[in-house]
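Structure first, then comments.
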Amino acid sequence: MRDVMLIEDSGQAAAILNPLRLEILRRSDEPRTCTELAEALGETPQKIYYHLKVLERAGALERVEERRVRAIHEGYYRAAARSYWLSPKLVGPIGGSRRARASASLGALLPLAEELQTDVGRLAQSERGDNVALGFSAQVRLGRPEDRSAFLSDLQNAIQSIAKRYGGSIPPRPTAREHEPDAFRLIVACYPRLGERSA
């Protein structure tokens with residue numbers, strides 16, 4: 001069982017986003033038979049079998065074993081992943097393209113959050129076993145409103161310095177605005193670039 005399954009296909013999403021199928025996945029952290037799931041969910045085995053097959057075709061559930069029980073062969077099914085992530089690309093931006101990434105607004109974070117979710121989901125599904133990653137978050141509270149600009153500038157310079165040292169760059173920081181808060185959440189994520197392997 002992998003950690004994450006990234007759902008990027010609308011048919012796959014439709015197969016999973018059914019209340020009964022979601023409950024089947026939740027109860028399939030360990031191999032279960034159709035009969036066991038039917039009893040646990042108060043449904044008929046025939047109904048559960050139908051939904052198991054839909055989930056299996058979608059790749060969300062795996063048949064991991066078959067055992068002989070009272071003269072019949074019964075399959076054991078297990079969820080394919082511990083977590084299922086819906087790709088933001090399934091819906092995409094509504095009402096036209098989003099504001100530029102350099103915009104000093106929450107809209108500037110949306111493409112970054114979507115990119116991070118998609119990249120981490122794809123890396124978790126990859127066959128590579130050497131996906132070294134680093135992530136942390138911190139709460140920063142500024143003592144004075146006038147410290148905002150200096151804080152954002154220091155942060156920009158620190159990240160720019162690392163990027164330059166190792167051969168990359170980041171876009172310039174937008175100008176601070178008067179109504180910006182004095183508390184910030186800082187999140188840093190570092191993980192292998194998709195499709196590339198270091199020498």
Restricting to salt bridge (Lys or Arg N to Asp or Glu O under 4.0 Å), what partner residues turn up for D3, sequence neighbours left out? R82

Go through it in stages, so that I can follow the logic: the residues are V140 and L155, the test is side chain to side chain contact (heavy atoms under 4.5 Å, CB included), and I'd like the CA-CA distance, side-chain angles, deciding distance and then a yes or no. CA-CA 11 Å; V140 177; L155 183 59; over 6 Å; no

side-chain hydrogen bond (donor to acceptor under 3.5 Å, both in side chains), paired with Y76, selected from E36, R67, E65: R67

Going through the checks in order, is the side chain to side chain contact (heavy atoms under 4.5 Å, CB included) test met by I24 and L52? CA-CA 8 Å; I24 288 171; L52 284 174; 3.8 Å; yes

Minimum heavy-atom separation for L86 to A13, with atom names? CD2-CB, 4.0 Å

Got a second to check how far H51's NE2 is from N18's CG, nearest 0.5 Å? 5.5 Å

Distance check, rounded to the nearest 0.5 Å: S153 atom OG versus R148 atom CZ? 15.0 Å

Verify, without hydrogens or angle tests, whether Q12 (side chain) and A58 (backbone) share a donor-acceptor contact under 3.5 angstrom. yes

Scanning both residues in full, the closest heavy-atom pair of L6 with T118 reads CD2-O, 3.6 Å

Taking all heavy atoms of E8 and all of S87, pick out the closest pair and write down the distance. CG-CB, 3.8 Å

Look at the side-chain heavy atoms of Ile, Leu, Val, Met, Phe, Trp and Tyr, link any pair under 4.5 Å apart, and say whether I7 and L61 land in one connected group. yes

Hey, any chance L55 and M1 share a hydrophobic cluster, counting ILVMFWY side chains that come within less than 4.5 Å of each other, even indirectly? no

Quick one: do R2 and V4 satisfy side chain to side chain contact (heavy atoms under 4.5 Å, CB included)? Show the steps, please. CA-CA 6 Å; R2 53 193 133 150; V4 174; over 6 Å; no

Before you tell me yes or no, could you show the steps for R63 and K53 under side chain to side chain contact (heavy atoms under 4.5 Å, CB included), namely the whole-Å CA-CA distance, both residues' side-chain angles and the distance that decides it to 0.1 Å? CA-CA 10 Å; R63 187 175 177 141; K53 288 301 171 184; 4.0 Å; yes

When rounded to the nearest 0.5 angstrom, what is the spacing between CD in E115 and CD in Q117? 12.0 Å

Linking I/L/V/M/F/W/Y whenever their side-chain heavy atoms sit closer than 4.5 Å, directly or via other members, would L152 and L142 fall into one cluster? yes

Which heavy atom in A79 sits nearest to a heavy atom in L25, and how many Å separate them? CB-O, 4.1 Å

How many angstroms lie between atom OH of Y77 and atom CD of E66, to the nearest 0.5 angstrom? 8.0 Å

Please tell me whether L37 and L20 are part of a single hydrophobic cluster in this structure, the criterion being side-chain heavy atoms less than 4.5 Å apart. yes

Hey, any chance W85 and L116 share a hydrophobic cluster, counting ILVMFWY side chains that come within less than 4.5 Å of each other, even indirectly? yes

Backbone N/O of R27 and side chain of R32: donor-acceptor pair under 3.5 Å: yes

Measure the spacing between CD of E43 and SG of C34 and express it to the nearest 0.5 Å. 11.0 Å

Is atom NZ of K47 surrounded by more than 12 heavy atoms (other residues, nucleotides or ligands) closer than 6.0 Å? no

Restricting to non-hydrogen atoms, name the atom on I48 and the atom on A38 that form the minimum distance, rounded to 0.1 Å. CG1-CA, 3.7 Å

Closest non-hydrogen atom pair between A14 and R21, with its separation: O-NH1, 3.8 Å

